[in-house]
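In what follows, every chain begins at residue 1, and chains take the letters A, B, ... in the order their sequences are listed. The analysis underlying the following values was restricted to heavy atoms, covering all of them including side chains, and did not include hydrogens, waters or symmetry mates.
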2 protein chains.
Amino acid sequence: MLIEIDFSSDEAIYQQLCNQIILGIATSRLSDGEVLPSVRQMADEIGINMHTVNKAYSILRQEGFVKVDRRRGAFISVTERNRERALHIVEKDMRILLAQARCRGLSKQDILLLVDRIYDEYDGAN
Amino acid sequence: MLIEIDFSSDEAIYQQLCNQIILGIATSRLSDGEVLPSVRQMADEIGINMHTVNKAYSILRQEGFVKVDRRRGAFISVTERNRERALHIVEKDMRILLAQARCRGLSKQDILLLVDRIYDEYDGAN
DNA sequence: CCACCTGTTATAACATAAATATAACAGGTG
DNA sequence: CACCTGTTATATTTATGTTATAACAGGTGG
């Protein structure tokens with residue numbers, strides 16, 4: 001999967017990397033069991049340091065999106081199916097985002113349509 | 001409005017402050033035209049430095065949630081009504097959040113219900 | 001006019017985090 | 001044994017967050 005990093009962004013590189021891999025999984029550009037490039041290879045491709053990639057992989061592993069096998073390396077493994085916990089995690093960020101949306105004059109319907117559209121886009125990529 | 005800062009959080013203080021004020025506006029605990037404590041007073045109340053508060057106010061002003069009058073100080077002023085631009089801003093963060101939600105096994109319906117519930121909660125505080 | 005409040009700016013110091021660099025280690029593969 | 005994997009350690013540089021002290025322009029009320 002092609003990874004694009006915006007070096008002029010105020011978002012940390014390892015965070016951008018995490019986000020893009022998560023987006024990749026959500027849009028099925030990365031499928032379950034698929035092997036990620038090694039930390040050194042990925043670092044070379046992007047042109048960043050090995051440890052920055054390692055940090056991203058470690059976070060993804062901790063979040064339950066990636067697992068590591070000694071022989072194969074890091075690979076996609078979405079195992080979390082604790083719906084309550086997942087909802088709780090998402091709700092925290094959603095509250096802040098919806099507050100912003102409401103302050104900017106967006107209605108509930110605006111957001112529902114936005115969610116519907118993006119979710120369909122992700123599903124449609126299957 | 002009561003501001004609570006989690007000093008053990010990994011989130012920056014000025015960012016927490018911004019979020020709480022935005023949440024305050026969304027839930028109508030802060031109404032349009034309401035004056036915010038001065039940067040020095042707010043800093044004293046929370047127990048942080050004046051510049052940290054000033055940074056939060058500056059960002060809120062830049063984002064269009066706050067305006068400044070020489071005599072009154074900072075006050076709530078939500079003037080943005082550019083729906084297209086607002087949607088564009090929210091969409092960027094929403095894409096990442098929905099990707100996370102989808103990776104954690106949450107369905108579109110799960111998210112639509114979550115949005116519906118939070119938005120009603122914000123509206124109900126009127 | 002004067003003391004007092006506002007936000008704003010400047011400068012310096014310090015702490016923390018991000019990113020890079022170099023190196024080494026344990027374990028698995030061919 | 002050479003080569004790959006992730007992981008760990010240590011050090012350095014850079015950027016950001018936070019605090020500290022100080023000053024300035026402008027508005028308010030005594």
According to a strict under-4.0 Å criterion, is B:Ser38 in side-chain N/O contact with OP1 or OP2 of C:dT6?
-> yes
Considering just the side-chain nitrogens and oxygens of A:Lys55, establish if one lies under 4.0 Å of OP1 or OP2 belonging to C:dA19.
-> no
Name the closest nucleotide to the B:Val39 side chain, picking from D:dG6, C:dT8, D:dT19.
-> C:dT8
What integer distance in Å separates A:Lys67:NZ from D:dT5:C1'?
-> 18 Å
Tell me, which of residues 2-20 of chain B have any heavy atom that sits under 4.0 Å from an atom in DNA chain C?
-> none
Whole angstrom value for the distance that separates P of D:dT19 from CG of B:Asn54 = 13 Å
How many Å lie between OH on B:Tyr57 and C1' on C:dG7, as a whole number?
-> 11 Å
Contact nearer the 5' end of DNA chain D, comparing A:Arg40 with B:His51 = A:Arg40
Hey, quick one: are A:Tyr57 and A:Ile59 part of the same hydrophobic cluster, counting side-chain heavy atoms closer than 4.5 Å, chains of contacts allowed?
-> no
Hydrophobic cluster identity match, A:Val39 and A:Val68, side-chain contacts under 4.5 Å = no
Listed nucleotide nearest any side-chain atom of B:Arg61, set D:dG17, C:dT8, D:dT8 = C:dT8
Verdict with reasoning, A:Arg29 to A:Thr27, per side chain to side chain donor-acceptor pair (under 3.5 Å) | CA-CA 5 Å; A:Arg29 278 172 298 179; A:Thr27 57; 2.9 Å; yes
Think B:Thr52 has a side-chain N or O under 4.0 angstrom from the OP1 or OP2 of D:dT19?
-> yes
Gap between atoms CG and P, on A:Asp44 and D:dG6 respectively (whole Å) = 13 Å
Testing C:dT8, D:dT19, C:dG7 for proximity to the side chain of B:Ala74, the answer is C:dG7
Would you kindly check if the NZ (Lys) or CZ (Arg) of B:Lys108 is within the cone defined by 45 degrees around the ring axis of A:Tyr119 and under 6.0 Å from the six-membered ring centre?
-> no
Mind calculating the distance between CZ (A:Phe75) and C1' (D:dG6) to the nearest angstrom?
-> 13 Å
B:Met50 CE to D:dT19 C1', in whole Å, measures 10 Å
Could you let me know what C:dG30 is paired to, Watson-Crick or G-U wobble, both distances under 3.5 Å, or none if it's on its own?
-> D:dC1
Roughly, in whole Å, what's the span from CZ in A:Arg71 to P in C:dG28?
-> 8 Å
Give a yes or no on whether a salt bridge exists between A:Arg102 and B:Asp123, defined as a side-chain N under 4.0 angstrom from a carboxylate O.
-> yes
Any-strand Watson-Crick or G-U partner of C:dA17, both distances under 3.5 Å | D:dT14
Counting any heavy atom closer than 4.0 Å, what does A:Asp69 reach on the DNA or RNA strands: base, sugar-phosphate only, or nothing?
-> nothing
Rounded to the Å, how far apart are A:Gln41 CD and D:dC3 P?
-> 17 Å
Watson-Crick or G-U counterpart of C:dC5, or none if no pair lies under 3.5 Å = D:dG26
